[in-house]
Amino acid sequence: MAKKQFKTESKRILDLMINSIYTNKEIFIRELISNASDALDKLAFKALTDDSIKMKKSDYAIELNLDSAARTITIADNGIGMSREELENNLGTIARSGSLEFVRENAEAKDIDIIGQFGVGFYSAFMVASKVEVLSRAFNSEEAFKWVSEGADGYTINPSQKDKPGTTITLTLKPDGEGENYSQYLDQYRMSELVKKYSDYVRFPIKMEMKKSRKKEGSDEYESYTEIETLNSMVPIWKRSKRSVKEEDYKSFYKERFYDYNEPLKVIHQHAEGTTEYYALLFVPSKADYNFYSKDFERGLSLYSSGVLIMDKCAELLPEYFGFIKGLVDSEDLTLNISRETLQHDRQLTVIRTALEKRIKKELEDMLKNERESYEKLWESFGLSLKFGIYRSFGAAREALEELLMFRRASDGKWTTLREYRDGMKGDQKYIYFASGESVDKISKLPAAELVRDKGYELLCFTDEVDEFLTGILLSYDEKEYKSLTGGGDLGLESEQEKSEKEAKEEENKELLDCLRESLGGEVASVKLSQRLKSHPVCLTSEGAITLEMEKTFASMPGAAQAPKATRVLEISDRHPVFEKLRALWEEGDKDLLAKYARLLYDQALLIEGFSIEDPVAFSNQICELML
Ligand code: ADP
Ligand code: MG
């Protein structure tokens with residue numbers, strides 16, 4: 001038969017196809033296996049009503065063959081096959097999908113999961129092959145035909161011979177070169193890896209003859225032999241009923257699939273039916289990946305459609321703050337784009353994402369309630385991700401995440417949720433108290449922590465930089481405001497009477513306090529009598545929106561020179577004997593010594609707050625002076 005020409009448009013489309021639709025050449029194998037699987041499905045469907053088809057269920061198979069010497073790959077199926085017309089129509093016309101037509105013509109076939117629909121996948125073979133031969137015999141025919149093409153030039157169809165119905169596709173690989181290694185597809189291990197990656201859950205066995213070697217019995221010599229192996233696992237664990245899957249199966253699946261030697265903290269297995277049907281198998285890892293908190297981390301769930309991997313990491317399936325969740329989603333209801341590498345519309349995706357988010361939230365809440373130990377492990381690995389979720393969304397994610405937050409409490413260093421803190425609040429307690437610092441230990445030793453503790457109030461320890469920014473957004477929990485121990489303002493620790501006494505005392509000592517402030521040369525906005533100190537003489541607090549802790553955070557970021565600073569206040573305890581000493585000096589008029597002491601007290605306050613002091617040598621000399 002004379003060579004037929006592709007229509008001009010087809011030529012251009014083929015060219016486009018080969019060069020730009022797919023980002024990954026290796027997917028040709030996925031496409032050809034998917035076609036073979038469709039052909040088997042179609043025949044199985046026909047067999048339901050056609051008694052002349054004598055196939056046992058176990059006969060349906062896809063066979064791969066690699067021939068390094070000939071540089072060929074063959075993909076054979078014993079499916080429905082193609083007549084001459086079908087070869088012509090389905091392979092001679094780009095973007096014509098025989099599979100789509102099949103589903104349209106057979107209304108009852110809607111329920112079989114045919115993979116093909118665009119009529120382009122087949123041509124992906126030309127990304128790796130210089131020549132493609134398709135030998136096919138339709139299931140209801142004795143005749144076979146061979147379609148041969150070397151690319152955009154066109155194709156031939158000629159009568160041929162074939163023992164059994166079905167299709168055998170032979171690709172002759174292009175020569176290696178220009179950074180392209182086509183020979184890799186002739187490697188049996190590489191090929192089994194690709195089949196596992198993309199087609200592990202195709203429902204028919206994908207078999208390949210593997211060359212192996214073993215030690216000869218009773219000798220040190222090796223002999224080679226061949227063995228036919230089934231490369232795919234066929235039934236995906238997530239499509240099995242929950243009852244039939246053992247906890248161990250989930251765990252080993254997780255470890256193998258996600259390369260983690262730790263067991264997951266939680267397994268979530270869901271089959272959702274409704275407007276969008278999907279299966280989801282999700283895992284909460286027990287540890288964060290080494291790069292989890294870096295920009296390199298690629299979050300997302302694997303996305304399958306009809307058992308075929310569409311995307312390895314689909315980020316749209318999860319909100320960013322649940323980025324630590326690993327797993328996969330399988331749905332036949334997705335509208336795929338032509339390369340099947342991405343999705344066409346995101347409507348169904350949004351439906352799935354919303355449902356998953358709800359489910360994950362509920363599972364985490366259950367975990368918090370019923371598996372405290374596991375939840376605390378999760379929190380230690382991924383708590384920061386949840387905190388950033390609220391912070392980065394400017395509070396929009398509050399509803400989803402607030403109840404999941406935990407902080408350490410100062411009294412015993414244990415984790416507490418906000419609910420637990422709130423429920424444990426004393427009757428007269430006005431605020432939710434927190435203080436920032438490097439560790440629980442350092443925070444509980446803060447001078448200002450003493451009064452809070454005396455009152456029997458609990459204190460939340462903020463040890464992550466984001467914590468204060470977080471409460472800056474949240475402001476309150478269940479109608480109780482957050483209150484920083486070092487944030488200035490009324491701490492709500494004193495009675496009205498104590499407050500007015502303090503005000504009177506402050507008025508009385510106004511000149512002394514102003515003098516102290518002046519001697520510090522503008523480093524503090526004011527010097528005050530403290531409401532928050534008991535046995536300690538001094539502490540440092542701030543006024544306004546920027547806290548001391550935020551100042552430290554800003555100072556550690558690039559551009560620190562222009563970073564905003566907190567407005568500092570030096571607080572002195574009028575209950576401490578040192579204050580009496582200051583008053584005595586004031587009355588004696590010894591302003592020089594007063595200035596020295598002011599500096600000494602300020603430096604102490606700085607050290608307690610975790611700041612460095614300007615002149616440590618002067619600080620040391622002054623202390624020595626006092627010692628002598
Ligand atoms: P799609 O799979 O999206 O329909 P393809 O380009 O992959 O598009 O395949 C085009 C058509 O060729 C298929 O719809 C099918 O009718 C036919 N076809 C391809 N491979 C085979 C096969 N192995 N057996 C039978 N028919 C096939
Ligand atoms: Mg296809």
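Just so it is clear, the model here is predicted, and its values are computed rather than measured. Counting starts at 1 for both ligands and their atoms, in listed order.
There is a side-chain donor-acceptor pair under 3.5 Å between S183 and D176. Counting only N and O atoms by type, the side chains of Y321 and E357 include a donor and acceptor under 3.5 Å apart. Using modelled atom types, one finds a donor on one side chain and an acceptor on the other under 3.5 Å when comparing Y198 with E26.
Taking only nitrogen or oxygen atoms, main chain and side chain alike, I80 does not reach within less than 3.5 Å of ligand 1. Considering backbone and side-chain N/O of Y123, none are found under 3.5 Å from N/O of ligand 1. Geometrically, ligand 1 and N90 share a nitrogen or oxygen pair separated by less than 3.5 Å. For ligand 1, none of its N or O atoms has an N or O atom of D38 under 3.5 Å away.
Ring geometry for F382 against F324 counts as parallel: the plane angle stays under 30°, on a 0 to 90° scale with 60° as the upper cut. Taking the six-membered ring where the residue is Trp, H271 and Y279 present parallel rings, their angle staying beneath 30° rather than reaching 60°.
The side chain to side chain contact (heavy atoms under 4.5 Å, CB included) test with L281 singles out one residue from V267, I268, L301, V329, and that residue is V267.
Residue-ligand proximity, K42 to ligand 1, at heavy-atom distances under 4.0 Å covers atoms 15 (C), 16 (O). Of all the atoms in ligand 1, the ones that sit under 4.0 Å from a non-hydrogen atom of L91 are 12 (O).
For atom 25 (C) of ligand 1, the nearest non-hydrogen atom from the set A138, A125, A39, A36 belongs to A39. By heavy-atom distance, the residue among L87, D77, N78 lying nearest atom 23 (N) of ligand 1 is D77.
At least one side-chain heavy atom of I75 sits under 4.5 Å from a side-chain heavy atom of I29. By the 4.5 Å heavy-atom criterion applied to side chains, K266 and E363 are counted as neighbours.
With a 4.0 Å heavy-atom cut-off, ligand 1 is reached by no atom of L32.
At least one heavy atom of M82 sits closer than 4.0 Å to an atom of ligand 1. Not close to ligand 1: E86, with no non-hydrogen atom less than 4.0 angstrom away.
The Mg ion (ligand 2) has no N, O or S atom of S34 under 2.8 Å away, backbone or side chain.
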